[in-house]
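In what follows, a single structure is set out as structure tokens and then discussed.
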Amino acid sequence: MTTPLVEIRLLTAADAAIFKALRLRAIENSPTSIWPTRAEEEARSASEVAERIQSTPTQAVFGAFACDTLVGIAGVRRESLSQVSHKATIWGVFVAPSQRGRGIARNLLNTATAHASKSWASAQLNLCVNAENTAAKQLYESLGFATFGIEPRAMVVDGRFYDEQHMVLKLR
């Protein structure tokens, strides 16, 4: 899928360095929306990052490229155990602030959803979002995700607790 001048594609191991750089920007920009700290993300080796983004039967990471620059990411992974393999989870959604408002996050999410539905025959997608992140929650709701619970104190950043809203999208 594409947005004008933006290409969405699966990331590969060759994209590890640019993925890591954008993740570090995400942590700086949205520390209450991304789980690892900057130090934890920086500590990941190149091979760990490459393995993390390599497409497999249970994981895929999509990137949005504007003029060959990675400006957005969204990951999806599914459970491998048969009794829960019908579920997939969206993770790590981020678009560079300068690129927001162009539909990039929506296109990334639609691409990840299509992958989970078609490639894995997933019956539902789950995700978690900081309960205070109104813009992200509105985007997810506009795509059909519905809240099924709140995890209190799910994350602590700089000594402050944040709740996470758990959402689900039934695909079939």
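If you're wondering where the values come from, they're calculated on a predicted model, not measured in any experiment. Values reported hereafter were calculated over all heavy atoms of this structure, with side chains retained and with hydrogens, waters and symmetry mates removed.
Partners of His115 according to the ring-ring contact (aromatic ring centres under 6.0 Å, His included) rule, which considers only residues two or more places apart in sequence or in another chain, are Phe62, Trp120. Qualifying side-chain hydrogen bond (donor to acceptor under 3.5 Å, both in side chains) partners for Ser142, counting only residues two or more places apart in sequence or in other chains: Arg106. With sequence neighbours excluded, no residue forms a salt bridge (Lys or Arg N to Asp or Glu O under 4.0 Å) with Arg25. Residues passing the side-chain hydrogen bond (donor to acceptor under 3.5 Å, both in side chains) test with Gln83: none are found, sequence neighbours excluded. In this view, Phe148 and His166 satisfy the ring-ring contact (aromatic ring centres under 6.0 Å, His included) rule, not counting sequence neighbours. Scored by the side-chain hydrogen bond (donor to acceptor under 3.5 Å, both in side chains) test, Thr147 finds Gln165 as partners (sequence neighbours excluded).
Here CD1 of Ile18 is found 6.5 Å from CG of Leu11. Values are rounded to the nearest 0.5 Å. Here CD1 of Ile8 is found 5.5 Å from CG of Asn107. Values are rounded to the nearest 0.5 Å. Atoms NZ and CG, from Lys170 and Asn126 in turn, are 10.5 Å apart once rounded to the nearest 0.5 Å. Here CZ of Arg100 is found 4.5 Å from CG of Asn29. Values are rounded to the nearest 0.5 Å. Note that CD1 of Ile53 is 9.5 Å distant from CD1 of Ile73, once rounded to the nearest 0.5 Å. Interatomic distance, OG1 of Thr89 versus CG of Leu125, reported as 8.0 Å (0.5 Å rounding).
With a 4.5 Å cut-off on side-chain heavy atoms, Leu143 and Thr113 do not count as touching. Counting only heavy atoms from C-beta outward, the side chains of Arg102 and Val95 never approach each other to under 4.5 Å. Using a 4.5 Å cut-off on side-chain heavy atoms (C-beta onward), Leu70 and Asp15 make no contact. Taking the side chain as every heavy atom from C-beta outward, Leu109 and Leu139 approach each other to under 4.5 Å.
No continuous path of hydrophobic side-chain contacts links Leu108 to Phe65 [ILVMFWY only; heavy atoms under 4.5 Å]. Linking ILVMFWY residues whenever their side-chain heavy atoms come closer than 4.5 Å, directly or via other members, leaves Ile34 and Leu22 in distinct clusters. The hydrophobic clustering, which links ILVMFWY residues whose side-chain heavy atoms are closer than 4.5 Å, places Phe145 and Val76 together.
Within the structure, side-chain hydrogen bond (donor to acceptor under 3.5 Å, both in side chains) contacts touching residues 55-64 (residues at least two apart or in different chains) are Thr56-Thr58. Counting only residues at least two apart or on different chains, the side-chain hydrogen bond (donor to acceptor under 3.5 Å, both in side chains) pairs with a member in residues 37-49 are Glu28-Arg38, Thr37-Glu40, Arg38-Glu42, Glu41-Arg44, Ser45-Ser47, Ser45-Glu48. Among residues at least two apart or in separate chains, there is no side-chain hydrogen bond (donor to acceptor under 3.5 Å, both in side chains) pair with a member in residues 70-80. For residues 89-113, the set of pairs meeting the ring-ring contact (aromatic ring centres under 6.0 Å, His included) definition, not counting sequence neighbours, is empty. Sorted by first and then second residue, the salt bridge (charged side-chain N to carboxylate O under 4.0 Å, His left out) pairs involving residues 110-119 (not counting sequence neighbours) form an empty list.
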List the atom pairs, with distances to 0.1 Å, where a side-chain N or O of residues 155-164 and a protein N or O form a donor-acceptor pair under 3.5 Å, not counting sequence neighbours.
from, atom 1, to, atom 2, distance (Å)
Arg160, NH1, Tyr162, OH, 3.0
Arg160, NH2, Glu132, OE1, 3.3
Arg160, NH2, Glu132, OE2, 2.6
Asp163, OD1, Arg153, N, 2.8
Glu164, OE2, Trp35, NE1, 3.0

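Of the listed residues (Asn133, Val168, Val93), just one forms a side chain to side chain contact (heavy atoms under 4.5 Å, CB included) with Tyr140, and that residue is Val93.
Under a cut-off of 6.0 angstrom, the local environment of CD in Glu141 is crowded, with over 12 non-hydrogen atoms contributed by other residues, nucleotides or ligands.
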